Protein chains: 2
Amino acid sequence: MSASPHALRLQQAVLRPVRGHHAFEACVEQLATAIRLGVYQRGTQLPAERELAEQLGVSRATLREAIAALRAAGLVETTRGRGGGTIVQRRPARRASVARRAIRGRQADLLDALDFRSVVEPGAAALAASRELDDATRTVLSESLEAVSAAPSGEDHRQCDSRLHLAIAAASGSTRLMAAVTQAQADLDEMLHAIPVLRPNITHSTAQHKSIVRAILAGRPTTASRVMTEHCEDTAALLRGLLG
Amino acid sequence: MSASPHALRLQQAVLRPVRGHHAFEACVEQLATAIRLGVYQRGTQLPAERELAEQLGVSRATLREAIAALRAAGLVETTRGRGGGTIVQRRPARRASVARRAIRGRQADLLDALDFRSVVEPGAAALAASRELDDATRTVLSESLEAVSAAPSGEDHRQCDSRLHLAIAAASGSTRLMAAVTQAQADLDEMLHAIPVLRPNITHSTAQHKSIVRAILAGRPTTASRVMTEHCEDTAALLRGLLG
DNA sequence: TAAAATTGGTATGAACTCCGACCATTAAGA
DNA sequence: TCTTAATGGTCGGAGTTCATACCAATTTTA
């Protein structure tokens, strides 16, 4: 029995590279992304090597190579002894020219990333809204919202924005959605740095954020999903025009 | 500066194991899943080793170990020479008892999988409906729908069902959504085998499938999403009750 | 002040993975 | 029939990654 054309299509789509070869590179990317998105803010300390290695599921030797790369890139600094550790030094100074080169020839992939985001972020918001959130989570959402509203435009605003979206995903309680949103935010961040939009409508964006968080806290999944969809689509429309 | 509780939460959620070490195991799992979901049907031939190795992003040596494991498990048979290759021999004979053991203590993870599915499958359906689909894709969707409608209940029906859902995801044109739906179907398949639902309402399910495909072919994203959401929730409600 | 604890730094050998080249087998085509 | 081509089978060396120690530096604490 030979495979039908239909089967062939599925097979090519289902089978995916098993691994982004080199655990080392994957570690560098995860940590650099976490720093870029503001998960680890400037001046804060990374977990101890042994702990971080366990979280990432790699040996300490491999993690150390990754940290060495971050150190060489000037992203972190390391001190020894008790109370020492690896400290986030500054955000990667990504020049727009470098960022533009990084996205060259990846239009299709980036458009895919925008589509993916428009699916998972509203889904995460809706799920978060359908949960009984504990006080700690509610506080995190409120504080994240406040932070992004208060932050000036630019790099800081972008990081606060990421943190809010990640906080919403975390509030959904879904590990898978959290991973999906993290990926979406990383892709989005890359695009926003490659294509510096002159003056994003932060006022509008902030209003949407408020509306989303309010819907989540009030337990209104439909509203949360709808507004988040609009929010994602606004950004996507902007970027799609500049990617073409 | 020390990390706030909020930051700690994000950090633990964002950082994820870099890989399920052992490319070998990952290959076995991907191939076994593809066979279980009916991507490779019984009697069909897997791609040549060199080709498959490239698709999976591993060396031929590693892929061969994975195939050897599948062969040892009786899932495939291999012949040499031109026209030879590795042929899918039979579906894994998973006994319910074994499947039940596999999901023991994973309730939270499986509930997560159901939530994730209810996000990505409707999203994929909506996206597919918003595309200008070419004739080949339209044909695939129609044929997949027919196959699942025609299949009797049981293992065959389950495979056809998976294939339809994967075909819809493929029609969305999004690599990321395709991967997400593949993962969702794999998780779902595991649950359905562990918890053999006596008599799923196949009539109802088939009506939903028809409605979804019709909406996609007619270019109605909202309808496609809504019906797919209902479709996923029906299954999820059934399984949630049996997982608690 | 000295001991304890915690952190990063180093080293070694085993296991895994990769790559490339070559061999053996078999079916298709000239 | 004979040649060609495609397939799986085998081998060896190089590079990664891992696990497990142990060392060094520094702060905390008794």
Side-chain angles (χ1 to χ4, degrees), chain A residues 1-3 8 11 15-31 40 43-89, chain B residues 1-3 8 11 15-31 40 43-89:
Chain A
M1 187 202 303
S2 78
L8 278 179
Q11 291 161 18
L15 258 33
R16 309 189 43 245
V18 87
R19 155 180 226 168
H21 309 167
H22 292 111
F24 156 70
E25 288 177 13
C27 287
V28 172
E29 184 162 332
Q30 272 212 39
L31 291 174
Y40 294 105
T44 61
Q45 187 167 328
L46 265 52
E49 290 180 352
R50 291 168 176 81
E51 185 185 338
L52 202 48
E54 190 180 358
Q55 277 187 44
L56 289 170
V58 299
S59 73
R60 206 180 138 215
T62 303
L63 172 67
R64 278 180 56 72
E65 286 188 46
I67 290 179
L70 297 178
R71 201 181 310 128
L75 263 88
V76 300
E77 273 191 7
T78 298
T79 59
R80 285 203 277 187
R82 177 164 178 167
T86 299
I87 294 181
V88 177
Q89 204 61 11
Chain B
M1 187 201 303
S2 78
L8 278 179
Q11 291 161 17
L15 258 34
R16 309 189 43 244
V18 93
R19 252 322 171 190
H21 318 148
H22 292 116
F24 157 70
E25 288 177 14
C27 287
V28 171
E29 184 163 331
Q30 272 213 37
L31 290 174
Y40 294 105
T44 60
Q45 187 166 328
L46 264 52
E49 290 181 353
R50 291 168 177 81
E51 185 184 338
L52 203 47
E54 190 180 0
Q55 278 186 44
L56 289 171
V58 299
S59 73
R60 205 180 139 218
T62 303
L63 173 66
R64 278 180 54 72
E65 285 187 46
I67 291 180
L70 297 178
R71 201 181 310 127
L75 263 90
V76 301
E77 273 191 7
T78 299
T79 59
R80 285 203 279 189
R82 175 164 179 164
T86 299
I87 294 180
V88 177
Q89 206 60 12

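Only a predicted model underlies this, so the values are computations on that prediction, with no experimental measurement involved. So you know, we letter chains A, B, ... as the sequences are listed, proteins then strands, and number each from 1.
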task: Side chain of T78(A) only, please: which of dC18(C), dG8(D), dG8(C) is the nearest?
output: dG8(C)
- prompt: Got a salt bridge between E77(B) and R71(B), using NZ or NE/NH1/NH2 to carboxylate O under 4.0 Å?
  reply: no
message: Quiz question: going by heavy-atom distance under 3.5 Å, is there a donor-acceptor pair between the base of dG9(C) and the side chain of R60(A)?
response: yes
- prompt: So do the side chains of E54(A) and R50(A) get within less than 4.5 Å of each other, counting heavy atoms only?
  reply: no
task: Evaluate the side-chain proximity of Q45(A) to T86(A): yes if any heavy-atom separation is below 4.5 Å, no if none is.
output: no
- request: Write down the distance between CD (E51(A)) and P (dT6(C)), rounded to a whole number of angstrom.
  value: 12 Å
message: Without decimals, in angstroms, what is the distance between R50(A) CZ and dC22(D) P?
response: 13 Å
query: Within this structure, what is the CD1-to-C1' distance between I67(B) and dG9(D), rounded to whole angstrom?
result: 12 Å
- prompt: Where each residue is assigned the nucleotide of DNA chain D containing its nearest heavy atom, which of G84(B) and G81(A) is assigned the position nearer the 5′ end?
  reply: G84(B)
task: Figure out the CD/P separation between Q45(A) and dT6(C), and round it to whole Å.
output: 14 Å
- prompt: Should L31(B) and L52(B) count as side-chain neighbours, where that means a heavy-atom distance under 4.5 Å?
  reply: yes
message: It should be established whether T62(A) places a side-chain nitrogen or oxygen under 4.0 Å from OP1 or OP2 of nucleotide dT17(D).
response: no
- prompt: In whole angstrom, what separates E49(B)'s CD from dG20(C)'s C1'?
  reply: 15 Å
- prompt: What is the distance from CG of L63(A) to P of dG9(C), rounded to the nearest Å?
  reply: 11 Å
message: Whether R64(B) contacts dG9(D) is assessed here as follows: a side-chain N or O lying under 4.0 Å from the phosphate OP1 or OP2. Is that the case?
response: yes
- request: Provide, to the nearest angstrom, the distance between the CZ atom belonging to R80(A) and the P atom belonging to dC23(D).
  value: 15 Å
message: Can you tell me which nucleotide in dA19(D), dT17(D), dG8(C) comes closest to the side chain of A61(A)?
response: dA19(D)
message: What is the distance, to the nearest angstrom, from the CZ atom on R82(B) to the P atom on dA6(D)?
response: 6 Å
task: Mind checking the CD1-CG spacing from I87(A) to L46(A)? Nearest 0.5 Å is all I need.
output: 9.5 Å
